[in-house]
2 protein chains.
Amino acid sequence: MSANNTQFSIAIHLMAGLGYGVRSDITSTDLASSVNACPSFVRRILSKLSKAGLVRTMRGKSGTCQLARPADDITLLDIYEAVDAPKVFAVHAYPAQSLCPVSCGFKPMIDHVLEKAQISFEETLTETTLADVITEIKKGT
Amino acid sequence: MSANNTQFSIAIHLMAGLGYGVRSDITSTDLASSVNACPSFVRRILSKLSKAGLVRTMRGKSGTCQLARPADDITLLDIYEAVDAPKVFAVHAYPAQSLCPVSCGFKPMIDHVLEKAQISFEETLTETTLADVITEIKKGT
DNA sequence: ACATATTGTTACCCTAAAAGAAACAATATC
DNA sequence: GATATTGTTTCTTTTAGGGTAACAATATGT
């Protein structure tokens with residue numbers, strides 16, 4: 001859709017699909033049709049989730065995907081880290097002008113600010129579990 | 001550099017340059033050389049800061065830029081809002097599959113999650129003023 | 001009045017990241 | 001051994017961000 005990374009959002013969708021509970025034999029194609037994205041792309045994200053230990057996948061005929069842990073033991077931060085999503089804001093990376101004190105002192109300062117903001121963002125993510133997400137989806141529909 | 005938006009980071013740099021205090025007759029070209037970006041791009045960001053009332057600019061010969069308010073009365077959130085930086089994470093925008101409850105209930109849920117994370121991120125930004133930023137730059141150099 | 005130096009805005013191009021898509025390898029089931 | 005799945009690679013397409021230049025708008029100074 002855009003040049004913005006939506007993998008975190010999609011990953012939450014996938015996890016919610018797996019944890020929703022209607023069926024237990026869900027394939028990447030099923031998930032792809034729920035997300036409305038191409039199966040290949042979904043499998044790429046699913047593979048990350050699998051490597052992070054959030055999802056158990058089974059290859060071969062009648063292969064399926066399942067949550068590796070109970071939904072209330074998975075936070076949004078777990079998912080965020082699994083897909084290796086980009087930071088909340090990017091820092092420009094121009095070479096510092098050695099004559100300019102602002103240019104020289106900028107990098108350490110902005111890194112510090114970014115880190116603080118990032119941590120605060122991630123803390124919010126730990127406050128919501130996949131179980132919460134699923135509950136809210138069921139409520140909203 | 002990347003497909004990520006660095007205008008927020010650059011805007012902080014510009015504001016710090018204006019508030020640093022070495023000179024009061026700073027032009028967009030001066031700022032551009034400090035940031036190491038092209039003047040035109042800097043002016044585009046500067047223009048946003050001006051429209052947001054954070055910077056006073058003067059056109060014409062010997063035109064300059066100045067902070068419109070004291071640095072301790074400007075927070076990072078002011079700057080963030082001025083440049084209209086992107087949200088902390090993007091939500092995928094595929095059409096919902098009407099047959100799938102997860103697909104249908106997903107949007108309101110993720111919007112809620114995003115809003116919470118966004119607010120928490122922005123609160124962190126209010127905790128740091130431009131004066132803090134400048135102090136830290138001076139300390140670091 | 002006119003030349004000049006600045007900000008403000010627009011338009012266009014280039015690049016890099018994200019996503020779509022297809023092909024194929026690896027693997028398990030029947 | 002046929003088949004259906006996940007896993008991985010590769011290529012293409014799309015899109016947003018940024019680089020750049022040109023010019024409009026505006027104020028200063030001579």
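The shown structure was predicted, so the numbers you read here are calculated from the model rather than taken from an experiment. Only this structure's heavy atoms are used, side chains among them; waters, hydrogens and symmetry mates stay out. Chain naming here is simple, since letters A, B, ... match the order of the sequence lines and numbering starts at 1 in each.
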Peer 1: Would you tell me if any nitrogen or oxygen in the side chain of A/N4 comes within less than 4.0 Å of OP1 or OP2 on C/dA18?
Peer 2: no
Peer 1: What's the CZ-C1' distance between B/R59 and D/dG29, to the nearest Å?
Peer 2: 19 Å
Peer 1: Starting at atom CD1 of A/I10, determine the distance to atom C1' of C/dA19, rounded to an integer number of angstrom.
Peer 2: 8 Å
Peer 1: Within the pair B/T6 and D/dG18, is there a side-chain N or O less than 4.0 Å away from OP1 or OP2?
Peer 2: yes
Peer 1: Would you mind reading off the distance between B/Q66 atom CD and C/dT7 atom C1', rounded to a whole angstrom?
Peer 2: 14 Å
Peer 1: Is A/N36 reaching over with its side chain to a backbone N or O of B/P95, donor-acceptor style, under 3.5 angstrom?
Peer 2: yes
Peer 1: Ignoring hydrogens and geometry beyond distance, is a side-chain donor-acceptor pair present between B/S120 and A/S120 at under 3.5 Å?
Peer 2: yes
Peer 1: With sequence neighbours excluded, tell me which residues meet salt bridge (Lys or Arg N to Asp or Glu O under 4.0 Å) with B/D84.
Peer 2: none
Peer 1: At under 4.0 Å between heavy atoms, what does A/S40 touch on the DNA or RNA strands: base, sugar-phosphate, or nothing?
Peer 2: base
Peer 1: For A/D25 and D/dT6, what is the distance between atoms CG and P respectively, to the nearest whole Å?
Peer 2: 11 Å
Peer 1: So which of residues 41-58 of chain A are in contact with DNA chain C, with a heavy-atom cut-off of under 4.0 Å?
Peer 2: A/F41, A/R43, A/R44
Peer 1: Specify the separation, in whole Å, of atom CG of B/D84 and atom P of D/dA16.
Peer 2: 14 Å
Peer 1: Report the C-alpha separation of B/H92 and B/F106 in whole Å, then their side-chain angles, then the decisive distance to 0.1 Å, and conclude whether the ring-ring contact (aromatic ring centres under 6.0 Å, His included) test is met.
Peer 2: CA-CA 10 Å; B/H92 61 287; B/F106 186 79; 5.2 Å; yes
Peer 1: Distance-only check: which donor-acceptor pairs under 3.5 Å involve side-chain atoms of residues 45-52 of chain B, not counting sequence neighbours?
Peer 2:
unit_1	atom_1	unit_2	atom_2	d
B/K48	NZ	B/Q7	OE1	2.8
B/K48	NZ	B/V83	O	3.3

Peer 1: Respond yes when some side-chain nitrogen or oxygen of B/Q7 is under 4.0 Å from OP1 or OP2 of D/dG17, and no when none is.
Peer 2: no
Peer 1: CG of A/N5 versus C1' of D/dT14: gap in Å, rounded?
Peer 2: 15 Å
Peer 1: Strictly by modelled atom types, are B/T135 and B/D132 linked by a side-chain donor-acceptor pair under 3.5 Å?
Peer 2: no
Peer 1: Below the 4.0 Å mark, does D/dT5 have OP1 or OP2 next to a side-chain nitrogen or oxygen of A/S62?
Peer 2: no
Peer 1: Would you say B/V42 ends up clustered with B/M58 if hydrophobic residues are merged whenever their side chains have heavy atoms under 4.5 Å apart, either directly or through other cluster members?
Peer 2: no
Peer 1: Both B/I26 and A/P86 contact DNA chain C. Which one's nearest nucleotide lies toward the 5' end?
Peer 2: B/I26
Peer 1: Would you kindly give the CG-to-C1' distance between A/N36 and C/dA19, to the nearest whole Å?
Peer 2: 14 Å
Peer 1: Expressed in angstrom and rounded to an integer, what is the separation of A/H92 atom NE2 from D/dG18 atom C1'?
Peer 2: 13 Å
